[in-house]
Number of protein chains: 2
Amino acid sequence: MNTATRPRLVLVDDHTMVRSGVRTELGDAVDIVGEAGDVEAAIASVTATRPDVVLLDVHLPGGDGRGGVDVLEGCRSLTTAAGAPVRFLALSVSDAADDVIAVIRAGARGYVTKSISGTDLLTAVRRVADGDAVFSPRLAGFVLDAFGAVAGEVAEVDEELDRLSVREREVMRLIARGYQYREVAKELFISVKTVETHVSSVLRKLQLSSRHELTAWALHRRLL
Amino acid sequence: MNTATRPRLVLVDDHTMVRSGVRTELGDAVDIVGEAGDVEAAIASVTATRPDVVLLDVHLPGGDGRGGVDVLEGCRSLTTAAGAPVRFLALSVSDAADDVIAVIRAGARGYVTKSISGTDLLTAVRRVADGDAVFSPRLAGFVLDAFGAVAGEVAEVDEELDRLSVREREVMRLIARGYQYREVAKELFISVKTVETHVSSVLRKLQLSSRHELTAWALHRRLL
DNA sequence: GGTCGACTCAGGGTCGACCCTCATGGCCGG
DNA sequence: CCGGCCATGAGGGTCGACCCTGAGTCGACC
């Protein structure tokens, strides 16, 4: 992702008025590829379209009644066509600590309230698409205190990550999760030898020397 | 650890009166093998005695001025003679969220305030020694919400862990962290062949088949 | 048309991970 | 005193991880 292209977006909110408002405010700057008003429809839509970013309402009907958290858990580990993870930006009327914690723990990369301006929302969407963490100022201090400074690290990740090709990123994700070469090969329908080639490139580009270091690296950057 | 034996304890608090009070209240039920009143002395004492539990004051002079957190970071990954990790129970006058979060993130297994009764403190020490997580009731909800339920899982760990010998546990910890056989051998002053033997035993006893699964296992049980 | 990068794959080599068997010595409980 | 568990370690074997060289296709860009 870079700021020149339009992020592909899925919009999840049970209020039609809110969805309409977001569409109007963001307008042509994004590509809205899906909308949903409940948990089930949201999971289906995100799985089908694999967007760059999901704008996710925290309080949502359906599922197990835990709102946006159910959606996050139903969409674990999805990736875009480019191999980047599908990222979630929580959009809520509430700034209660409990809501924030639950949705961040479930994997959201940001949290903003519905009082945000259109231009600020666009900025937030773009930053999340780029892998940054985004929080409205009054939440930032709280969240970063609780979970350690993530934001700073994430920025530098994509510099190194950008040097990898799409295919290399796919291979890297599987290797870091402990897959064997043979398993990666079967998963991606390529030969073991090709997997070796990609792994070698990844290790060289990231200046690592073994799959263990790769795992540690990915773990540290929270890419798993 | 089991409740029949007396847990070996190190007491860290800058107030002599508090240490005296703890000694009196816990009396013969524990074996106090060290005491300290500042960060440096605490690290030295814990490193030297490798107790089952460290009772740690959160606000402590010395170090980098971050109190108990400095002690925790100075004592990373220490183990007792039996191969279990040295566990820390934070003891504080404060129940401010910031204090709790900082010390838990740094690795403490529990947090109680100084208003606790002697019998309750003894229970807390024993539970921490057994690997449980312990928090005073009004903190429990907050902490578990933020960091996920840890307490339940830990109990079942030691059943499987108990089937390993002391030496096997030491080897396992290093392997799970990504050490190579050669590095483990050097670290423990034994030959590579002996490391192989121990690793084989560990994998067989835990019914795992590779170091990757071991890492995942240890990660899941939060032994790293 | 030529170059360049991404993706694909093969051959061949080194080294680490993991397994099995076997052997020694110490310590403990029967 | 002996059988058993533990820690130590050797020999020998299979297989996976990682590296280097080389090479064919395809699409993008000049």
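Side chains are part of it too, since the values below use all heavy atoms of this structure and drop only hydrogens, waters and symmetry mates. Letters go in sequence order (proteins before strands), and every chain restarts at 1.
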For the pair made of CZ in A:Arg204 and P in D:dT21, what is the distance, rounded to whole Å? 11 Å

Taking OP1 and OP2 of D:dC19, is either one under 4.0 Å from a side-chain nitrogen or oxygen of A:Ser200? yes

Contacts of type side-chain hydrogen bond (donor to acceptor under 3.5 Å, both in side chains), residue A:Glu187, not counting sequence neighbours: none

What pairs of donor and acceptor atoms, side-chain ones from residues 189-203 of chain A against any protein atom, are under 3.5 angstrom apart with sequence neighbours left out?
residue: A:Ser191; atom: OG; partner: A:Lys193; partner atom: N; Å: 3.2
residue: A:Ser191; atom: OG; partner: A:Thr194; partner atom: N; Å: 3.2
residue: A:Ser191; atom: OG; partner: A:Thr194; partner atom: OG1; Å: 3.3
residue: A:Thr197; atom: OG1; partner: A:Lys193; partner atom: O; Å: 3.1
residue: A:Ser200; atom: OG; partner: A:Glu196; partner atom: O; Å: 3.3
residue: A:Ser201; atom: OG; partner: A:Thr197; partner atom: O; Å: 3.1

Could you state the CD-P distance from B:Glu168 to C:dC18, rounded to the nearest angstrom? 15 Å

Toss me the dot-bracket line for DNA chain D: Watson-Crick and G-U wobble, both under 3.5 Å, 5' to 3', using | for pairs to another strand and [ ] for crossers. |.||||||||||||||||||||||||||||

Just wondering, do A:Arg87 and A:Val54 contact through their side chains at under 4.5 Å, heavy atoms? no

Hey, what are the protein-to-nucleotides 22-30 of chain C N/O distances that come in under 3.5 Å?
none

Polar pairs (N or O, both sides) under 3.5 Å between protein and nucleotides 10-12 of chain C?
residue: C:dG11; atom: N7; partner: A:Lys193; partner atom: NZ; Å: 3.4
residue: C:dG11; atom: O6; partner: A:Lys193; partner atom: NZ; Å: 3.0
residue: C:dG12; atom: O6; partner: A:Lys193; partner atom: NZ; Å: 2.3

Which of the following nucleotides, C:dT8, D:dT8, D:dC18, is nearest to the side chain of A:Ser210? D:dC18

Rounded to whole Å, how long is the line connecting atom CG of A:Leu188 with atom C1' of C:dT8? 13 Å

Of the nucleotides C:dA17, C:dC9, D:dC6, which one has an atom closest to the side chain of B:Arg211? C:dA17

Gap between atoms NE2 and P, on A:His198 and D:dC19 respectively (whole Å): 15 Å

Is any side-chain N or O of B:Ser165 closer than 4.0 Å to OP1 or OP2 of D:dA7? yes

Within the structure, does a side-chain N or O atom of A:Thr194 lie under 4.0 Å from either OP1 or OP2 of C:dT8? no

Can you tell me the distance, in whole Å, between the CD atom of B:Glu213 and the C1' atom of C:dA17? 14 Å

Between B:Lys205 (NZ) and C:dC19 (P), how many Å, whole number? 14 Å

Begin from the C-alpha positions of B:Leu72 and B:Phe88 and carry the test side chain to side chain contact (heavy atoms under 4.5 Å, CB included) through to its verdict. CA-CA 8 Å; B:Leu72 279 154; B:Phe88 293 82; 3.4 Å; yes

A:Leu203 CG to D:dA17 P, straight-line distance once rounded to whole Å: 12 Å

Expressed as a whole number of angstroms, how long is the span from A:Arg182:CZ to D:dC18:C1'? 16 Å

Measure from the side-chain heavy atoms of B:Tyr181 and tell me the nearest of C:dC18, C:dT8, D:dT8. C:dC18

Between protein and nucleotides 24-30 of chain D, map the contacts as a letter string: B base, S sugar-phosphate only, - none, heavy atoms under 4.0 Å, written 5' to 3'. -------

When you check the phosphate oxygens OP1 and OP2 of D:dT8, does a side-chain N or O of B:Arg167 lie under 4.0 Å from one of them? yes

